[in-house]
Amino acid sequence: MKKIALLLIFTIALTTVSAQTKKKQILLFGSFHFENPGLDVAKVNTFNVMTDKSQEELENITDKVKKFGPDKIFVEWNYKKQAKLDQFYAKNTDSLLTNDSDEIVQLALRSAKKLNHKKLYAIDYNGTDFPYDSLVKEMKTANQFDLIKKNEEIMKHHETDFNTKIAKYSLTQLLLDVNKQDINWYLGTANKAGKTDNFVGAYLVSEWYRRNLYTYSLIQKLTESKDDKIMVLLGAGHTAMLREFIAHDPTFELIELSTVLK
């Protein structure tokens, strides 16, 4: 009888440990800016997501997000303005979907409404610097002409490549493609900028890391024990960085967008 009791206790203990260590699924949904304010270093064309074809795709995409079933959806909105996001979320959904092309509306809000969520969660941190002009200036001061050329080629390739894909890819194909973005430019190009006593490049990279670390901190803090799955909708440059953080965080299991949309 004692052996049975001990076996039962051991089984319960193992079950408890297993439950405690079960990873939460996190769907990283990297996107480009649908409304394209032109604030990024690389200048690209705008993809029209309001066409009938794109709207059909958005319905299909968000249906698949609903099937995935995230308990919370996090978006690129200043975390200090959660109240404003709550007001925005409470607006007439049909009106927003037909008049606002922003990816938060078309992807996050559309998905959240289908899931009967009460709100979206703001996680963007905007208190960092991105001194790109100073970066280029210090490259010139340091006579890093090969690095300047490499940087220009990278930016030009990104613009040409993305604009070419806009012309021939469907919205779904384009979203899957931008989710392949990496962080190579930050460490392979930007971090090298400046003379040996000037660290403008490393400063820019550290600020980019800081912005995304703060964003990731908010995801960690706002994800509750009851949440089994979450979705994070951010610009693809941000999700590329978050991918690195998740690799070293035992809390989460990364779910690829391609898996959800297949």
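Predicted model only: the values in this text are computed from it and were never measured. Computed over heavy atoms, backbone and side chain alike; hydrogens, waters and symmetry mates excluded.
Nearest heavy atoms, V200 versus A193: CG1-O, 4.2 Å. The two atoms that bring A112 and L120 nearest to each other are CB-CD2, 3.7 Å, heavy atoms only. Considering every non-hydrogen atom in both G201 and L135, the closest pair reads CA-CD1, 3.4 Å. In plain terms, the two heavy atoms of A142 and G194 that are nearest each other are CB-C, 3.8 Å. Taking both residues in full, the closest heavy atoms of L222 and D227 are given as O-OD2, 4.0 Å, listed atom of the first, atom of the second, then distance.
At a threshold of 4.5 Å between non-hydrogen side-chain atoms, the residues L233 and M231 count as touching. When side chains are defined from C-beta on, L234 does not count as touching F29, because their heavy atoms never get closer than 4.5 Å. Side chains of L115 and I73 form a contact here, defined as non-hydrogen atoms less than 4.5 Å apart. Looking at Y89 and L109, their side chains come closer than 4.5 Å, going by heavy atoms from C-beta outward. Within the 4.5 Å cutoff, side-chain heavy atoms of I219 are placed close to those of L242. Between V105 and F34, every side-chain heavy-atom pair lies at or beyond the 4.5 Å cut-off. Looking only at side-chain heavy atoms (C-beta outward), W208 and T128 stay at 4.5 Å or farther from each other. No side-chain heavy atom of I26 sits under 4.5 Å from any side-chain heavy atom of I255.
Y203 and Y214 are assigned to two separate hydrophobic clusters, defined by single-linkage of ILVMFWY side chains at heavy-atom distances under 4.5 Å. By the criterion of side-chain heavy atoms lying less than 4.5 angstrom apart, applied directly or through intervening Ile, Leu, Val, Met, Phe, Trp or Tyr residues, M155 is grouped together with F145 in one hydrophobic cluster. With hydrophobic clusters built from ILVMFWY side chains whose heavy atoms lie under 4.5 angstrom apart, L107 shares a cluster with L27. Both L204 and Y209 belong to a common hydrophobic cluster when Ile, Leu, Val, Met, Phe, Trp and Tyr are linked at side-chain heavy-atom distances under 4.5 angstrom. Residue L213 is grouped with residue L254 when hydrophobic side chains (ILVMFWY) are merged at heavy-atom distances under 4.5 angstrom, including chains of intermediate members.
Under a 4.0 Å N-O distance rule, the pair D161/K165 qualifies as a salt bridge. Look at E152 and K149 and you find no salt bridge, because none of the NZ, NE, NH1 or NH2 atoms lies under 4.0 Å from a carboxylate O. A salt bridge links K53 and E57; the closest N-O separation between the charged side-chain nitrogens and carboxylate oxygens is under 4.0 Å. The pair K229-D71 fails the salt-bridge criterion, with no side-chain N (NZ, NE, NH1 or NH2) lying under 4.0 Å from an Asp/Glu carboxylate O. For the pair D63 and K114, the salt-bridge criterion is met [side-chain N within less than 4.0 Å of a carboxylate O].
Ring geometry for W185 against Y132 counts as tilted: the plane angle lies between 30° and 60°, on a 0 to 90° scale. Note: F32 and F162 have perpendicular aromatic rings, judged against thresholds of 30 and 60 degrees for the angle between ring planes. Aromatic ring pairs are classed by plane angle as parallel below 30°, tilted from 30° to 60° and perpendicular above 60°; the pair F130 and Y186 is perpendicular.
For the residue pair S31/E103, the side-chain donor-acceptor check at 3.5 Å is not satisfied. At a cut-off of 3.5 Å, with distance as the only test, no side-chain donor of N92 or D94 sits close to an acceptor on the other residue. Between the side chains of Q106 and D102, no donor-acceptor pair of N or O atoms lies under 3.5 Å. R243 and Q181 share no donor-acceptor pair across their side chains, judged by distance under 3.5 Å alone.
Between E244 and the choices N212, D249, I183, the side chain to side chain contact (heavy atoms under 4.5 Å, CB included) rule is met once, by I183.
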Derivation and outcome, side chain to side chain contact (heavy atoms under 4.5 Å, CB included), residues M241 and Y216: CA-CA 10 Å; M241 190 70 74; Y216 190 65; over 6 Å; no

Steps toward salt bridge (charged side-chain N to carboxylate O under 4.0 Å, His left out) verdict (E59, K64): CA-CA 9 Å; E59 280 296 306; K64 290 182 177 179; over 6 Å; no

Audit row: Q25, F68, side chain to side chain contact (heavy atoms under 4.5 Å, CB included) steps and yes/no: CA-CA 10 Å; Q25 294 186 332; F68 170 66; 3.5 Å; yes

Side chain to side chain contact (heavy atoms under 4.5 Å, CB included) between R110 and Q55, worked out: CA-CA 11 Å; R110 191 190 295 249; Q55 286 296 303; 2.8 Å; yes

Pair E153-K156, salt bridge (charged side-chain N to carboxylate O under 4.0 Å, His left out): steps then yes or no: CA-CA 5 Å; E153 288 174 348; K156 185 63 179 178; over 6 Å; no

Chi angles and distances behind the side chain to side chain contact (heavy atoms under 4.5 Å, CB included) call for I148, V136: CA-CA 7 Å; I148 292 170; V136 175; 5.7 Å; no

Ring pair (Phe, Tyr, Trp, His ring centres under 6.0 Å) evaluation trace for Y121 with W77: CA-CA 8 Å; Y121 292 82; W77 187 292; over 10 Å; no

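Remark: the backbone N or O of L175 is paired with a side-chain donor or acceptor of N179 at under 3.5 angstrom. Using a distance-only test at 3.5 Å, with no hydrogens or angles considered, no donor-acceptor pair links the side chain of H238 to the main chain of T215. Distance alone, capped at 3.5 Å, is enough to place a donor-acceptor pair between the K192 side chain and the G188 backbone. When atom types are taken as modelled, the side chain of S54 and the backbone of M50 share no donor-acceptor pair closer than 3.5 angstrom.
The number of heavy atoms from other shown groups lying within 6.0 Å of CG (N143) is above 12. More than 12 heavy-atom neighbours from other residues, nucleotides or ligands sit within 6.0 angstrom of NZ on K113.
The side-chain hydrogen bond (donor to acceptor under 3.5 Å, both in side chains) check on K221 picks up S217, with sequence neighbours excluded.
The salt bridge (charged side-chain N to carboxylate O under 4.0 Å, His left out) contacts involving residues 118-127 comprise D124-R211, where partners must be two or more places apart or lie in separate chains.
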